[in-house]
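Here, residue 1 is the first one in the sequence, and each next residue gets the next number. Everything numeric here is computed off the predicted structure, so don't read it as measured data.
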Amino acid sequence: MVDYPSWDMPEEVSPALRVRMEELKGRTGLRYSYHLAEAPGVKLGGYPGWTQEPCWPDCPTCGRTMDHLLTVSSWDYDGLPYRTWLPLEDRDSETGEERRDATGGHGAHSPAQVMFGDAGGVYIFECRSCPDRPVAHYWDCS
């Protein structure tokens with residue numbers, strides 16, 4: 001799976017894509033930042049699915065911006081992003097929506113069964129430039 005930046009999109013790229021994103025939304029109802037940008041949930045690599053403003057840490061050794069390594073999120077999706085991010089095996093074959101688990105709940109919504117603040121996440125970063133690969137973390141919540 002490949003994901004793309006939303007809040008982290010370079011300023012010079014956003015205006016060039018705005019018209020295409022609006023056309024897509026009108027045609028399909030999908031919003032780039034909500035349905036197509038960074039993959040939500042627990043994941044290795046890609047872009048953090050920030051709940052608040054992005055906060056990329058700098059390496060304490062070399063000062064460079066660190067790379068995203070891991071996200072552990074309270075939820076694997078929120079609201080309607082299931083349309084693009086919910087795995088097929090977790091979908092009801094008739095409705096396409098999330099299948100209910102044995103207790104009647106939505107097990108795929110929060111498979112890790114963790115809660116950071118009010119539905120936030122913790123983001124782990126590493127510096128790939130330094131030989132000892134220092135790590136840092138940041139967490140946010142809604």
Side-chain angles (χ1 to χ4, degrees), residues 1-130 133-142:
M1 168 185 352
V2 175
D3 63 1
Y4 301 94
S6 180
W7 284 28
D8 298 304
M9 184 180 293
E11 289 182 29
E12 65 274 7
V13 174
S14 185
L17 294 179
R18 186 168 288 120
V19 171
R20 291 173 61 188
M21 287 185 233
E22 287 302 317
E23 288 173 356
L24 179 71
K25 182 179 174 187
R27 221 174 39 252
T28 65
L30 299 176
R31 288 181 19 211
Y32 173 80
S33 61
Y34 204 54
H35 296 103
L36 303 170
E38 68 275 333
V42 177
K43 65 180 181 176
L44 286 169
Y47 289 88
W50 305 107
T51 305
Q52 300 174 356
E53 288 285 328
C55 184
W56 291 86
D58 292 329
C59 175
T61 305
C62 72
R64 293 183 179 153
T65 300
M66 298 178 90
D67 296 299
H68 175 249
L69 176 64
L70 169 71
T71 293
V72 180
S73 183
S74 296
W75 296 338
D76 264 10
Y77 70 89
D78 172 9
L80 291 178
Y82 81 84
R83 291 178 58 195
T84 51
W85 297 112
L86 183 64
L88 293 176
E89 59 269 16
D90 292 323
R91 293 177 185 263
D92 180 279
S93 59
E94 292 178 24
T95 66
E97 295 182 11
E98 183 179 350
R99 188 178 45 232
R100 300 261 179 190
D101 61 21
T103 65
H106 291 286
H109 179 76
S110 182
Q113 296 293 305
V114 297
M115 183 62 66
F116 295 99
D118 182 17
V122 62
Y123 314 100
I124 309 297
F125 300 89
E126 69 174 341
C127 181
R128 296 180 187 152
S129 299
C130 293
R133 298 182 84 122
V135 296
H137 75 280
Y138 178 78
W139 74 274
D140 65 1
C141 62
S142 59

Just wondering, are more than 12 heavy atoms of other shown residues or ligands nearer than 6.0 Å to CD in Glu89?
yes
Is any side-chain heavy atom of Tyr4 less than 4.5 Å from a side-chain heavy atom of Met9?
no
Sidechain-backbone polar pair: Glu126 side chain, Asp67 backbone, donor-acceptor under 3.5 Å:
no
Hey, what do you get for CZ (Arg31) to CD (Glu22), rounding to the nearest 0.5 Å?
10.0 Å
Can you measure from OG (Ser33) to CG (Leu30) and round to the nearest 0.5 angstrom?
11.0 Å
Kindly assign one of parallel, tilted or perpendicular to the pair Phe125 and Trp50, based on the angle between their ring planes and the thresholds 30° and 60°.
parallel
Donor-acceptor contact present, side-chain Thr84 to main-chain His35, <3.5 Å:
yes
Closest heavy-atom pair and its distance - Asp58, Thr65:
OD1-OG1, 3.5 Å
Flag, side chain of Glu38 to backbone of Ser6, donor-acceptor distance under 3.5 Å:
yes
With distance as the sole test, does Thr71 use its side chain to make a donor-acceptor pair with the main-chain N or O of Tyr123 at under 3.5 Å?
no
What one should report as the nearest heavy-atom pair of Tyr47 and Asp8 is CD2-OD2, 4.3 Å
Is it true that a side-chain atom of Arg91 and a backbone atom of Leu86 form a donor plus acceptor pair closer than 3.5 Å?
yes
Taking every non-hydrogen atom, the tightest pair across Thr61 and Pro134:
OG1-CG, 3.9 Å
Do Tyr138 and Gln52 have side-chain heavy atoms sitting under 4.5 Å apart?
yes
Above 12 or not: heavy atoms from other molecules or residues under 6.0 Å from CZ of Arg64?
no
What closest approach, in Å, do Trp85 and Ala37 show between heavy atoms, and which atom pair accounts for it?
CZ2-O, 3.4 Å
Quick check: do Ser129 and Cys59 have side-chain heavy atoms less than 4.5 Å from each other?
no
So do the side chains of Arg27 and Leu24 get within less than 4.5 Å of each other, counting heavy atoms only?
yes
Can you see which heavy atom on Gly46 is nearest to which on His68, and at what distance?
O-ND1, 3.1 Å
